[in-house]
**Q** 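Okay, here's the structure, questions in a sec.
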Amino acid sequence: MLWERGRYSMVDIDLLPEFTSLQLVTFASVVCASVYAYSKLNDTLRSVPVFCWACFVKPFFESFTHKPIATGGSNQQALEVFYSGQAHIYDQTRRVLLQGREECLQLALAHVPKKRDLVWIDIGGGTGANIESMDKYAKIATYFKSVYLVDLSPSLCKVARERFAQKGWTNVHVIEADACGFTIDEAAADLITFSYSLSMIPTFNSTIDYAVSLLDPSGIVASVDFGIQSGDTSMGRTDTLGGSVNRHYPWILRNFWRIWFEADRVFLDSARRNYLEYKFGTVKSLNCYNNTLGKIPYYIWVGCLKHKSDQLLHRINCLATESPYLAPHDSPVLDTSDVPVSKGHAAALDNLKKLLPYPSMYYQKEAWRVYYDETNPLANQFKDTYIYAFTWEDPREDDNILHFSSNDTVLAITSAGDNILHYASLPNPPKRIHAVDLNPAQNHLLELKLACLRTLPHEQVFAMFGDGKIPNFKSLLLNKLAPHLSSQAFQFWWHKSWTFDPKGRGLYDTGFSKWGIRIGRWIFSLFGVTDKVKEICEATTMKQQLDIWNNYLKRSLFNPFVARMLVGNPIFLWRALGVPTNQAKMMGKSVLKYVVDTLDPVLERSLISKDNYFYYVCLMGKFAYDNCPQYLSLKGYKRLSAAGPESPLSNVRIHTDTLNEVFARLSDKTISIAIIMDHMDWFNPQGTEAYNEIAALKKCLAPNGRVMLRSASTKPWYLETFAELGFDCKPAAIRKSGHSIDRINMYASTWVCTKIDDTVDAEVNIPSRRRMSSLQLDNLK
């Protein structure tokens, strides 16, 4: 006899072997003891043996003793056989197994444009636990016009009706019907969810097709479910998936969990998710593991109608070219005969031919992030992390030299984005700012900063990027930030949410640059001057600051052993400070002297405690409220967070590519200022990279356009190439021993190269600048 749902159910007597009297007595005693122990357990513990029997033991027992009911039977019969004995304990036993359900609801709700009188269909809603959970985030009785729970199991529907009756919800309806044949009273649904249900629906193709017909053009569809994916299932449609982090599950996990769950008629094959991603456009995507139960793979996915999304025309206008000011967000593209085809546009056209959704980037709310190819091996070299957690250039000096105006279109290397946000927070910010970085993670960091400035109060923005820590980061990411992030950036920060953990080291102890900061701390600790670090960051006079520097910190940093092992070590220079070999050669005969000449004058220029947030964050691991990048100041925050399309944040475009590729996609003569930092120091003087890049850049520069660059050399070798190609190069600042040129003083010189001769032609190896026809644009619409 087997215990199930408080009743005895007999096993076929013919299957039982013959027992002796002693064996029967022993067996009866064990059963009685088990029943007594079972009666003493609380409800949660009591449900465990029922769950194990129904989900693990019974399916395998039936496979050896009975003909499976699913063969020749209906799907409803199969579901009822599976759930009838465990419907009463379903919710207690699924909390650990079915992870991600509440996160899926929050993510979906954050993306629904309409916030009241919502119509929601929960397909395969079972006992109604999802709907009860949603009530915590949006009151069912207040925000929803109608909620429909659709399920084929009578036992589960019974539990759901009882639950809703207790809640007194009159707008929630339970429909016991097949998932591709039910009807609702409203014309369309604003939200459709699948919560661990698609994997149990044999006719999943018809169900998904039916969901397409029910969804409002501005509606959202969401799914959380078990699923096994591999890189092979993504081939040919990578740009539609919204990110590939954790997308490939190892072969052993894929096959073990697929076989295991099929015993319960739960199918983890990739076809279900693939079909979702084919019929809908991907808005957000997450690939996760249930680590509590042996790394069971599951995913959270949010999508929209692939041809009727409200965001599509906006995105097509903004991405018609990667110089989006030619296509304002609030007006259609009128003349496209001389517009370079962007990579995003080319990808969209290719997808259209294959009947695939547009690239996931097209379905995002914000137009900040320009489409990029995630399979680019050049970008993959960074191994999914950023180098710099803060920008190591002084943007205040950039403005002093270049005098930005609202007529400027600026292109700059992203780094950590602090420079980009400084330009945007000026009283008269540039009309467009292109941020370019080959490292996707650097751009994910800038995108996160933009989303926070768009949605969070100043206190929370400062906690995240001033202190580098915030206690509820995942909740903010799901409910506030996600709609303003690309799926790729959202995926990145979900899996790196530990970055902002209050119990951790914080944001500014992440990235490659963390090693330089950590080693500095170890050195100070080794020489017993850690307390002096805090003192210099609190010094109120230059005399006090210089005394601490000269008598304690300088002696520790430039100890002969430390200087030889670290400062002169190429591995340390690259891994900890981001200085490549070619640039190190430009520093002169002694790297140590270069570093001494860098730091000594800085301590005489300004107080670290009040006006040098660059070194303050290195020493303290955070910014001070009155000593921080301009975007974190209250004044800068107010300028950037202005509501509506006129906000300076709307002027930013983020490119994940090489500079040459970006130059090739920009319209000719549209950039008035290009700020390329120390980028060209990395090139080989014997190579052609510098020539090609300057020639490509020249095509994009407007007449009298300017290029600002910094270098480790007082006169970098590539200035001759600028001159050869029609530029006039003037030094903005050249460092001399004992004197600083800005608050960082990391570079030996700063130069401004002005385009003065547009008649000099240059042969350059850059991608074809194809033109987009109006016919192609019509197809996209």
Side-chain angles (χ1 to χ4, degrees), residues 76 79 83 87-88 90-91 94-95 98 100-198 201 207-208 210-225 280 283 300 302-305 308 310 478-479 483:
Q76 185 174 41
L79 286 173
Y83 285 121
H88 64 298
Y90 182 89
D91 293 332
R94 266 34 178 213
R95 293 191 183 97
L98 307 183
R101 291 182 296 174
E102 296 211 2
E103 289 84 352
C104 181
L105 292 176
Q106 293 175 71
L107 192 59
L109 187 64
H111 285 83
V112 176
K114 187 178 171 184
K115 296 304 179 186
R116 281 188 176 271
D117 294 326
L118 293 168
V119 176
W120 172 24
I121 305 173
D122 190 23
I123 297 179
T127 63
N130 261 5
I131 296 172
E132 186 175 63
S133 294
M134 178 69 89
D135 193 53
K136 294 184 292 187
Y137 311 113
K139 293 298 181 184
I140 297 296
T142 305
Y143 293 95
F144 291 88
K145 178 183 178 183
S146 298
V147 178
Y148 295 92
L149 183 153
V150 181
D151 203 284
L152 199 55
S153 168
S155 298
L156 297 182
C157 287
K158 179 182 177 183
V159 174
R161 290 188 183 96
E162 292 171 353
R163 167 179 266 138
F164 301 149
Q166 290 177 355
K167 295 288 184 180
W169 291 332
T170 58
N171 59 334
V172 181
H173 315 282
V174 177
I175 302 176
E176 186 181 312
D178 189 274
C180 53
F182 63 92
T183 59
I184 61 174
D185 294 334
E186 283 74 21
D190 303 295
L191 175 63
I192 298 176
T193 54
F194 298 92
S195 182
Y196 286 96
S197 55
L198 271 180
I201 299 176
T207 299
I208 293 171
Y210 193 52
V212 171
S213 70
L214 290 173
L215 191 63
D216 186 84
S218 63
I220 287 293
V221 58
S223 176
V224 54
D225 211 332
F280 295 97
V283 178
I300 299 173
V302 174
C304 62
L305 292 177
K308 298 180 181 178
D310 286 348
L478 279 173
N479 297 291

**Q** When you compare the side chain of Asp225 with that of Phe194, does any pair of heavy atoms fall below 4.5 Å?
**A** no

**Q** Give, for atom CG of Asp151 and atom NZ of Lys158, the distance between the pair rounded to the nearest 0.5 Å.
**A**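 So the gap between those two atoms works out to 15.0 Å.
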
**Q** What is the distance from atom CD of Glu103 to atom CD1 of Ile300, rounded to the nearest 0.5 Å?
**A** 5.5 Å

**Q** Between atom OG1 of Thr142 and atom NZ of Lys145, what is the distance when rounded to the nearest 0.5 Å?
**A** 16.0 Å

**Q** Heavy-atom count check: over 12 atoms from other residues, nucleotides or ligands less than 6.0 Å from Lys167 NZ?
**A**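 No, because the 6.0 Å sphere around NZ of Lys167 holds 12 heavy atoms or fewer from other groups.
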
**Q** Can you measure from CG (Asp117) to OG (Ser146) and round to the nearest 0.5 angstrom?
**A** 9.5 Å

**Q** If we only count heavy atoms from C-beta on, is the Val224 to Tyr196 side-chain gap below 4.5 Å?
**A** yes

**Q** Determine, stepwise, if the pair Tyr210 / Ile192 fulfils side-chain contact (heavy atoms from CB on, under 4.5 Å).
**A** CA-CA 11 Å; Tyr210 193 52; Ile192 298 176; over 6 Å; no

**Q** I'd like to know if the side chain of Asn171 reaches the main chain of Ile140, judged simply by a donor and an acceptor atom lying under 3.5 Å from each other, with no hydrogens or angles considered.
**A** yes

**Q** Closest heavy-atom contact between Ala222 and Ala108?
**A**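 Where Ala222 meets Ala108 most closely, the heavy atoms are CB-CB, 3.7 Å.
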
**Q** Are the side chains of Leu149 and Val172 in touch, meaning some heavy atoms are under 4.5 Å apart?
**A** no

**Q** How far apart are the closest heavy atoms of Leu191 and Val112, and which atoms are they?
**A** CD1-CG2, 4.3 Å

**Q** As a quick check of understanding, evaluate side-chain contact (heavy atoms from CB on, under 4.5 Å) for Trp169 and Asp135, giving each step before the final call.
**A** CA-CA 11 Å; Trp169 291 332; Asp135 193 53; 3.6 Å; yes

**Q** Does any part of the side chain of Leu198, heavy atoms only, come nearer than 4.5 Å to the side chain of Ile208, both counted from C-beta?
**A**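 The answer is yes; the side chains approach within 4.5 Å.
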
**Q** Work out which heavy atom in Lys115 is nearest to a heavy atom in Leu109; give both atom names and the distance.
**A** NZ-O, 2.9 Å

**Q** Quick check: does any side chain N or O of Tyr137 sit under 3.5 Å from a backbone N or O of Glu102, one acting as donor and the other as acceptor?
**A** no

**Q** Begin with the C-alpha distance, continue with both residues' side-chain angles, and end with the deciding distance and a verdict on side-chain contact (heavy atoms from CB on, under 4.5 Å) for Asp122 and Tyr148.
**A** CA-CA 6 Å; Asp122 190 23; Tyr148 295 92; over 6 Å; no

**Q** What distance do Ile201 atom CD1 and Cys180 atom SG have between them, rounded to the nearest 0.5 Å?
**A** 8.0 Å

**Q** Which heavy-atom pair separates Leu215 from Ala189 by the least distance, and what is that distance?
**A**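 For Leu215 and Ala189, the tightest heavy-atom pair comes out as CD1-O, 3.5 Å.
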
**Q** Please determine whether the number of non-hydrogen atoms from other residues, nucleotides or ligands lying under 6.0 Å from atom CZ of Phe144 exceeds 12.
**A**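 Yes, CZ of Phe144 has more than 12 neighbouring heavy atoms, counting only those of other groups under 6.0 Å.
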
**Q** Cys304 and Ile220: which non-hydrogen atoms are nearest, and at how many Å?
**A**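 Reported closest heavy-atom pair: CB-CD1, 4.5 Å.
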
**Q** Return the minimal non-hydrogen interatomic distance between Tyr143 and Ala138, and the atom names on each side.
**A** CD1-C, 3.7 Å

**Q** Do Glu176 and Arg161 have side chains that get closer than 4.5 Å, going by heavy atoms?
**A** yes

**Q** Would Arg101 and Leu105 count as a side-chain contact (heavy atoms from CB on, under 4.5 Å) here? Give the steps.
**A** CA-CA 6 Å; Arg101 291 182 296 174; Leu105 292 176; 5.8 Å; no

